[in-house]
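Down below is the structure, laid out as structure tokens.
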Amino acid sequence: MKPTLALTLAAVLALGVSTTSTTRAQDAGKVDFEKQVLPVLKESCFKCHEKEHEDGGKIKKPKGGLRLDGAAVIMKGGKEYPNENVVAGKPEASWLVKTMALPDSDDLAMPPEGKGDRVSAANIDLIKKWISEGANFGAWKGVE
Ligand code: HEC
């Protein structure tokens with residue numbers, strides 16, 4: 001094989017690889033609520049923000065009137081910040097993610113101090129991105 005042909009081939013191959021990875025990056029670029037955001041909420045928030053239910057003979061009500069176990073109730077928000085839990089397109093106005101980013105010392109830090117690990121910076125960024133992209137739940141409806 002002549003060197004020039006080898007080079008051309010290498011260039012073509014490189015181009016092919018970069019095109020495919022760009023396409024993949026775009027597909028993977030949109031945050032998938034059910035696959036990526038929901039597990040974070042389940043892990044860090046559900047124990048206090050689920051639909052009223054009985055647990056060991058005790059009635060557990062969602063704290064702050066906020067439920068995070070369904071798409072409609074996530075958008076509805078809680079007592080203090082109705083309709084501002086998730087403001088589509090505006091992570092900076094969305095309490096869901098604002099409370100996660102507050103320092104432990106803040107009264108509104110979620111989960112509250114001593115009640116669970118802080119959400120990782122990577123997961124906070126992921127949720128901000130999901131909100132920026134329009135807060136689309138896909139097919140997920142959760143608990144009504
Ligand atoms: C151990 C219980 C507990 C956990 C876990 C918890 N929260 Fe809360 N949350 C509360 C309580 C209690 C309130 C009511 C406000 C207060 O008293 O600080 C509240 C209120 C809120 C509010 C304000 C709702 C409103 O409009 O009044 C938001 C937003 C919130 N939580 C988000 C979250 C998120 C997001 C997570 C998970 C990262 C989470 N919480 C995890 C207990 C919890």
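Atoms considered below: every heavy atom in the structure, side chains included; atoms not considered: hydrogens, waters and symmetry mates. Order of appearance sets the numbers: ligands from 1, and atoms from 1 within every ligand.
Checking D69, L66, L41 one by one against I74, the side-chain contact (heavy atoms from CB on, under 4.5 Å) holds for a single residue, L41. Screening E54, H53, E52 for a side-chain contact (heavy atoms from CB on, under 4.5 Å) with K60, the sole residue that qualifies is H53.
Under a 3.5 Å cut-off, the side chain of E80 and the backbone N or O of G64 do not form any donor-acceptor pair. For the pair R118 (side chain) and L102 (backbone), a donor-acceptor distance under 3.5 Å is present. Proximity of a side-chain donor or acceptor of K141 to a complementary backbone N or O of A72 within less than 3.5 Å is not detected.
Ring geometry for F137 against W130 counts as perpendicular: the plane angle is over 60°, on a 0 to 90° scale with 30° as the lower cut.
At a heavy-atom cutoff of 4.0 Å, ligand 1 is contacted by the backbone of D107 but not by its side chain.
Ligand-side atoms of ligand 1 in range of L96: 35 (C), range being under 4.0 angstrom from any heavy atom. Residue contact check: P112 has heavy atoms under 4.0 Å from atoms 3 (C), 4 (C), 6 (C), 7 (N), 42 (C), 43 (C) of ligand 1. Atoms of ligand 1 lying under 4.0 Å from any heavy atom of S44, numbered from 1 in the order shown and given with element: 5 (C), 37 (C), 38 (C), 41 (C). Of all atoms in ligand 1, listed by their number and element, those nearer than 4.0 Å to a heavy atom of K115 are 1 (C). Taking every heavy atom of W95 and a limit of under 4.0 angstrom, the matching atoms of ligand 1 come to 29 (C). Taking every heavy atom of K79 and a limit of under 4.0 angstrom, the matching atoms of ligand 1 come to 25 (C), 26 (O), 27 (O). Of all atoms in ligand 1, listed by their number and element, those nearer than 4.0 Å to a heavy atom of N85 are 29 (C).
In this structure, P91 and K98 approach most closely via the heavy-atom pair O-CG, 4.2 Å. Counting all heavy atoms, side chain and backbone alike, K115 lies closest to K47 at O-NZ, 3.5 Å.
The closest approach between G116 and ligand 1 stays at or above 4.0 Å for every heavy atom of the residue.
The N/O atoms of Y81, backbone and side chain alike, include one that comes under 3.5 Å of an N/O atom in ligand 1. On a distance-only criterion, E80 and ligand 1 share at least one N/O pair closer than 3.5 Å.
The closest protein non-hydrogen atom to atom 36 (C) of ligand 1 is C45 SG, 2.8 Å. Closest to atom 2 (C) of ligand 1, if we only count protein heavy atoms, is C48 SG, 1.9 Å. At the top of the distance list for atom 22 (C) of ligand 1, counting protein heavy atoms only, stands L66 CD2, 3.8 Å. Among all protein heavy atoms, the one lying closest to atom 11 (C) of ligand 1 is K63 CB, 3.4 Å.
Draw a line from atom 8 (Fe) of ligand 1 to NE2 of H49 and another to SD of M110, and the angle between them is 170° (to 10°).
When hydrophobic clusters are built by joining Ile, Leu, Val, Met, Phe, Trp and Tyr residues whose side-chain heavy atoms come closer than 4.5 Å, directly or via intermediates, I124 is grouped together with L38.
Two residues are said to be in side-chain contact when any heavy atoms from C-beta on lie closer than 4.5 Å; Y81 and L108 meet this criterion.
For atom 17 (O) of ligand 1, no protein non-hydrogen atom is found at a distance below 4.0 Å.
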